[in-house]
Enquirer: 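Supplied in structure tokens, the structure appears directly below.
First the proteins, then the strands, lettered A, B, ... as listed; each starts at 1. Any value given below was found using the heavy atoms of this structure, including those in side chains, with hydrogens, waters and symmetry copies removed.
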Number of protein chains: 2
Amino acid sequence: MLSQKCKYALRTVLFLAIEGDKSCPKGGKDISTTLKIPEAYTGKILQELAKKNIITSVKGPGGGFYLSEDNLKSPIINVIEIIDGLSFFESCGLGLSKCSSEHPCPIHNDFKIAREHLKKVFINKTVLELANEIKTNDFTLVR
Amino acid sequence: MLSQKCKYALRTVLFLAIEGDKSCPKGGKDISTTLKIPEAYTGKILQELAKKNIITSVKGPGGGFYLSEDNLKSPIINVIEIIDGLSFFESCGLGLSKCSSEHPCPIHNDFKIAREHLKKVFINKTVLELANEIKTNDFTLVR
DNA sequence: AGAATAAAAGACCTTTATATCTTTTATTTA
DNA sequence: TAAATAAAAGATATAAAGGTCTTTTATTCT
């Protein structure tokens, strides 16, 4: 459902939400080691997220990434949209452009139920909220 | 969720369930034209489905593909399993091997609800049943 | 100012998914 | 039995996803 890149991105953002801090940003190397994501690829993803204002970057010695107050407020779906787009939530489960509620494909309704359940969750939950859930329960982010 | 190949495969099988017949099998060319699937690729997919006993093939002039009584009884999930495998229904939404109900990832439960809804549908519905639904309502199979 | 640090940018490489082309095999029918 | 038809098989091509490497830019600290 989510691409590998998007899974990496979500874990990265949530990790920063839990661990990072304006006063002590996390470096790419640190993130990639902890989450077991390839280092160079982690860098690329961090760059992309920073450019789209999902995370905040600090250059130079002691630099790295953290989530600003604003960053923490963004719903999970924003991360997904930036990396994968929203086509999963909007298009037919059988790949039919003609599929619609008037002229549905054979799995239209069941696919819709599944995808809208997820969409609702991703829209309604902010990075901060999900990060808090991770801390409260002991959810895992590690492979 | 489903690969392009798997979407093609499902549409192909359902088309054969509706249109094909032991007495007049449908040729690959006919199928690819009707469903707007690339011709050579349709052939490859048909081969794979035939080898795994999801559909039945007839060689030579007037030959083609159709669904036997047995073929019609197979649940939809069998088609998916042969083309894509079942990893979507079995693995973590964030790609974590350590994710489990005891130590879940942050989206574990919501992802589980969505994926199990679909899995249940695909397990419980046979090709024949779904084909009948397509005929009764006027569901589309065409791009 | 200069050295060190770490992100930004862009070119490049590898693997997998998607798709095509060509040759072979099986079957039918004239 | 030969010609025609259509699937089977296998090699090959193309595009997208996943991932790496090198150079540049910004910042900090001595």
Enquirer: Taking atom NZ of A:Lys120 as the centre, report whether more than 12 heavy atoms of other residues, nucleotides or ligands fall under 6.0 Å from it.
Expert: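 No, not enclosed.
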Enquirer: Is it true that the side chains of B:Asp70 and B:Ser68 contain a donor and an acceptor less than 3.5 Å apart?
Expert: no
Enquirer: Can you tell me the distance, in whole Å, between the NZ atom of B:Lys59 and the C1' atom of C:dA26?
Expert: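 Rounding to the nearest Å, NZ of B:Lys59 and C1' of C:dA26 are 4 Å apart.
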Enquirer: So which nucleotide from C:dA19, D:dA8, D:dG19 ends up closest to the side chain of B:Gln4?
Expert: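 Closest nucleotide among those given: C:dA19.
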Enquirer: Step by step, would you call A:Phe88 with A:Phe111 a ring pair (Phe, Tyr, Trp, His ring centres under 6.0 Å)?
Expert: CA-CA 10 Å; A:Phe88 170 79; A:Phe111 186 71; 5.8 Å; yes
Enquirer: Given that A:Ser3 and A:Gly60 both sit by DNA chain D, which one's nearest nucleotide is further toward the 5' end?
Expert: A:Ser3
Enquirer: For A:Asp84 and D:dA17, what is the distance between atoms CG and P respectively, to the nearest whole Å?
Expert: 9 Å
Enquirer: Would you kindly give the NZ-to-P distance between B:Lys5 and D:dA16, to the nearest whole Å?
Expert: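 Between P of D:dA16 and NZ of B:Lys5: 18 Å.
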Enquirer: DNA chain C: B:Gly62 or A:Gly27, which has the more 5' nearest nucleotide?
Expert: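 The residue mapped nearer the 5' terminus is A:Gly27.
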Enquirer: Grab the two heavy atoms, one from A:Ser3 and one from A:Asp84, that are nearest each other, plus how far apart they are.
Expert: OG-OD1, 2.6 Å
Enquirer: Take atom CD1 of A:Ile55 and atom C1' of C:dA8, then tell me their distance rounded to the nearest Å.
Expert: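 Atom CD1 in A:Ile55 sits about 12 Å away from atom C1' in C:dA8.
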Enquirer: Please report, rounded to the nearest Å, how far the C1' atom of D:dG18 is from the CG atom of A:Leu2.
Expert: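 Rounding to the nearest Å, CG of A:Leu2 and C1' of D:dG18 are 16 Å apart.
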Enquirer: Round to a whole Å and report the spacing from CD1 of A:Ile83 to P of D:dG19.
Expert: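 Distance check: A:Ile83 CD1 to D:dG19 P gives 13 Å.
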Enquirer: Atom OH of A:Tyr41 and atom P of C:dA7: how far apart are they, to the nearest Å?
Expert: 18 Å
Enquirer: For C:dA6 and A:Ser57 - does any side-chain N or O of the residue sit under 4.0 Å from the phosphate oxygens OP1/OP2?
Expert: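 Result: no.
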Enquirer: What is the distance, rounded to the nearest whole Å, between atom NZ of A:Lys26 and atom P of C:dA7?
Expert: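 For the pair A:Lys26 NZ and C:dA7 P, the rounded distance is 12 Å.
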Enquirer: Could you check which of C:dA26, C:dT20, C:dA8 has an atom nearest any side-chain atom of A:Phe65?
Expert: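 Of the candidates, C:dA8 comes closest.
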Enquirer: Between D:dT5, C:dT20, D:dG19, spot the one nearest the side chain of B:Pro61, thanks.
Expert: D:dT5
Enquirer: How do A:Ala40 and A:Val58 order along DNA chain D: which one's closest nucleotide is nearer the 5' end?
Expert: A:Ala40
Enquirer: Within the pair B:Tyr8 and C:dA19, is there a side-chain N or O less than 4.0 Å away from OP1 or OP2?
Expert: yes
Enquirer: Using a 4.0 Å heavy-atom cut-off across all strands, classify B:Lys51 as base, sugar-phosphate, or nothing.
Expert: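 Result for B:Lys51 = sugar-phosphate.
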Enquirer: Which part of the nucleic acid, if any, lies within contact of A:Gln47, taking any heavy atom under 4.0 Å across all strands shown: a base, the sugar-phosphate backbone alone, or nothing?
Expert: base
Enquirer: Between A:Arg115 and A:Glu90, is there a salt bridge with N-O shorter than 4.0 Å?
Expert: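 No, A:Glu90 and A:Arg115 are not salt-bridged.
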Enquirer: Would you mind classifying the nucleic acid contact of A:Gly28 as base, sugar-phosphate or nothing, using non-hydrogen atoms under 4.0 angstrom?
Expert: sugar-phosphate
Enquirer: If you check every side-chain atom of A:Lys44, which of D:dT20, D:dG10, C:dA8 has the closest atom?
Expert: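 In terms of side-chain proximity for A:Lys44, the closest of D:dT20, D:dG10, C:dA8 is D:dT20.
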